[in-house]
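Accompanying notes for the structure given below.
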Amino acid sequence: MVVRARARYVRRTPRKVRLVIDHVRGKPVEEARALLRNTPRAAARDVLKLLDSAVANAESRHELTPGELRIARIWADEGPTIKRWRPRAFGRATRIDKRTSHITVELEPIVSGR
């Protein structure tokens, strides 16, 4: 049984999100929450919010507690890029790319022996 949650169009670059999610991949939910609360990166707040959503899905749909869940898979894909223009010298303009992410987390019950 896999419980899934997805956050789409998150205003963080996928590269910065991947730096955070690499720390919690495969960990139990309680340990991952502790790591994310103490991580100074801004993307950790977004990942923590998504993890809490996945745990709430598991509690309401499958009656599982956070203590018996672990992160099976977590990944960040690239979302659409928002394009903005910045004025520069001599009447020129430079394009600013504001990247977005789609973050997905899958939780599964902890099986004894793992």
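Residues L51 and L35 share a hydrophobic cluster, clusters being chains of Ile/Leu/Val/Met/Phe/Trp/Tyr side chains in contact below 4.5 Å. Following chains of ILVMFWY side-chain contacts shorter than 4.5 Å, one cannot reach I71 starting from W75, and the two form parts of different hydrophobic clusters. In the hydrophobic cluster analysis, where Ile, Leu, Val, Met, Phe, Trp and Tyr join through side-chain heavy atoms closer than 4.5 angstrom, L107 is grouped together with M1. Hydrophobic clustering, with ILVMFWY side chains joined whenever heavy atoms are under 4.5 angstrom apart, keeps L48 apart from L19.
Taking both residues in full, the closest heavy atoms of H102 and Y9 are given as ND1-N, 3.2 Å, listed atom of the first, atom of the second, then distance. Here the closest non-hydrogen pair linking V29 and P66 is CB-O, 3.7 Å. Contact detail for L64 and P109: the closest heavy-atom pair is CD1-CG, 4.2 Å. Between A43 and K16, the shortest heavy-atom contact is CB-O, 4.1 Å. Here the closest non-hydrogen pair linking P14 and S101 is N-OG, 3.1 Å.
Rounded to the nearest 0.5 angstrom, R12 CZ and R41 CZ are separated by 11.5 Å. R45 contributes atom CZ, which lies 11.5 Å from atom OG1 of T39 (distance to the nearest 0.5 angstrom). Atom-to-atom distance recorded for E78:CD and R18:CZ is 7.5 Å, nearest 0.5 angstrom. With rounding to the nearest 0.5 angstrom, the NZ atom of K98 is 6.5 Å from the CZ atom of R84. Here the CD atom belonging to E68 is positioned 8.0 Å from the CD1 atom belonging to I110, to the nearest 0.5 angstrom. For the atom pair K27 NZ and L36 CG, the distance stands at 10.5 Å (nearest 0.5 Å).
Of the charged side-chain nitrogens involved, at least one lies within less than 4.0 Å of a carboxylate oxygen, so that R33 and D52 count as a salt-bridged pair.
Taking a 6.0 Å sphere around CZ of R6, one finds it holds more than 12 heavy atoms contributed by other residues, nucleotides or ligands. Summarising the local packing, CZ of R25 is surrounded by more than 12 heavy atoms from other residues, nucleotides or ligands at distances under 6.0 Å.
Side-chain atoms of T100 come within 3.5 Å of backbone N or O of P80 as a donor-acceptor pair.
By the 4.5 Å heavy-atom criterion applied to side chains, R73 and V2 are not counted as neighbours. Put simply, the side chain of D97 reaches to within 4.5 Å of the side chain of K83, judged on heavy atoms.
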Practice problem: Go through the steps to decide whether D46 and V17 satisfy the test side chain to side chain contact (heavy atoms under 4.5 Å, CB included), and finish with yes or no. | Solution: CA-CA 9 Å; D46 297 324; V17 173; 5.8 Å; no
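Of the candidates V47, L50, D22, I74 forms a side-chain contact (heavy atoms from CB on, under 4.5 Å) with just one, namely V47.
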